[in-house]
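Reminder, nothing fancy here: chain letters follow the sequence lines and each chain counts from 1. The structure displayed is predicted, hence computed values, not measured ones.
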There are 2 protein chains.
Amino acid sequence: MSDNDVFLADCPARTTLRLIADAWSVVVVYGLGQGPLRYSELAGRIGGISNKVLTQTLRRLERGGLVERRPLATAPPGAEYRLTPLGRSLLDPVSVLARWAEDHADELGGDD
Amino acid sequence: MSDNDVFLADCPARTTLRLIADAWSVVVVYGLGQGPLRYSELAGRIGGISNKVLTQTLRRLERGGLVERRPLATAPPGAEYRLTPLGRSLLDPVSVLARWAEDHADELGGDD
DNA sequence: CAGTATCCTATCGGATACTG
DNA sequence: CAGTATCCGATAGGATACTG
């Protein structure tokens with residue numbers, strides 16, 4: 001009864017988990033895993049995400065300190081997103097999850 | 001551009017991820033990680049989850065093939081939940097995530 | 001004990017259109 | 001290009017009460 005008290009009650013770990021407990025956060029973090037990307041590059045790489053949701057997700061991750069936004073002084077103007085060190089620390093868990101997801105994608109019933 | 005095509009577009013991995021992309025699935029799976037539990041034991045261990053949501057989450061995981069429900073022929077009647085082999089395979093990613101969540105809980109801004 | 005039933009709110013997520 | 005604005009529908013999630 002000692003190594004399983006991580007997600008008990010309202011422990012901080014639960015709050016932390018909630019930051020990424022949605023359909024897109026993990027994907028976005030994973031998408032930024034190889035390095036900084038511009039908004040449109042990120043959108044293109046992810047595919048199937050709406051402007052609204054991508055922006056929303058980025059803002060949430062920004063507030064959480066996982067992602068950093070950098071305006072680019074280019075013409076036309078642009079913006080770049082990158083993982084913070086904290087964000088990069090999430091890359092490991094996310095990769096493990098990604099591997100699991102791809103390895104077992106065929107085994108589960110989505111809409112039985 | 002080759003090892004990062006896991007979460008691209010509508011790949012199966014994304015569908016898989018969606019099964020557990022909510023606030024409670026991970027917690028429930030984690031909660032069942034040490035072995036089968038009765039409904040009330042599970043609820044007690046998790047804490048702070050409503051009946052409705054716990055049931056909902058268990059049913060979703062059941063449909064996904066991650067959790068198995070076993071009615072108990074006891075008096076008073078009960079039910080037991082356990083991870084399937086597939087569910088147990090999720091335990092690894094989930095544990096990694098749990099460790100990350102507890103390790104970095106203090107570093108992120110929840111409501112800045 | 002193990003749920004189900006209701007109700008209600010908040011957030012998620014998609015589509016479309018518009019702007020600095 | 002990189003968003004914002006708006007509208008809308010679908011879930012998620014919480015509280016409370018009730019049942020086999």
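Remark: C1' of C:dC1 and CZ of B:Arg69 are 11 Å apart, rounded to the nearest angstrom. Between the P atom of C:dC18 and the NZ atom of A:Lys52 lies a distance of 18 Å, rounded to the nearest Å. D:dA12 atom P lies 18 Å from atom CZ of A:Arg14, rounded to whole Å. Protein atom CG of B:Leu37 is 14 Å distant from nucleotide atom P of C:dC1, rounded to whole Å. Rounded to an integer number of Å, the gap from CD of A:Gln56 to C1' of D:dT6 is 13 Å. Following rounding to the nearest Å, B:Ile20 (CD1) and D:dA12 (C1') show an atom-to-atom distance of 16 Å. Residue B:Leu54 contributes atom CG, which lies 17 Å from atom C1' of D:dT16 at whole-angstrom precision. Whole-Å rounding puts the A:Arg70 CZ to D:dA2 C1' distance at 18 Å.
As judged by a 4.0 angstrom heavy-atom cut-off over every strand, B:Asp22 is placed among residues touching the sugar-phosphate backbone only. Contact annotation for B:Ala23: backbone-only contact, meaning every heavy-atom pair under 4.0 Å involves sugar-phosphate atoms and none involves a base.
A cation-pi arrangement is absent between B:Arg60 and B:Trp24 under the rule of less than 6.0 angstrom and at most 45 degrees off the ring axis.
Under the 4.5 Å side-chain criterion, counting only non-hydrogen atoms from C-beta, B:Val27 is in contact with A:Arg14.
Note on A:Arg60: a side-chain N or O is less than 4.0 Å away from OP1 or OP2 of C:dC12. Not one side-chain nitrogen or oxygen of A:Trp24 sits closer than 4.0 Å to the OP1 or OP2 atom of C:dT11. Between B:Ser50 and D:dA15 there is no side-chain polar atom (N or O) within less than 4.0 angstrom of OP1 or OP2. Between A:Tyr81 and the phosphate of D:dG3, there is a side-chain N or O to OP1/OP2 separation shorter than 4.0 Å. Taking side-chain N and O atoms only, A:Arg59 has a distance below 4.0 Å to OP1 or OP2 of D:dG3. For C:dC1, neither phosphate oxygen OP1 nor OP2 lies less than 4.0 angstrom from any side-chain nitrogen or oxygen of B:Arg38.
In terms of position on DNA chain D, the residue among B:Thr57 and B:Asn51 whose nearest nucleotide sits closer to the 5' end is B:Thr57. Map A:Leu72 and A:Arg18 each onto its nearest nucleotide of DNA chain D; the residue landing nearer the 5' end is A:Leu72.
Across A:Val29 and A:Leu91, no two heavy atoms sit closer than the pair O-CD1, 3.7 Å.
Judged purely by distance below 3.5 Å, without hydrogens or angles, the side chains of A:Ser25 and A:Asp22 pair a donor atom with an acceptor atom.
The partner of C:dT19, taking Watson-Crick or G-U wobble pairs whose two distances both stay under 3.5 Å, is D:dA2.
Side-chain proximity of B:Val53 to the nucleotides D:dG14, D:dA2, C:dG3 is greatest for D:dG14.
Checked for salt-bridge contact, A:Arg38 and A:Glu41 miss the test: no charged N lies under 4.0 Å from a carboxylate O.
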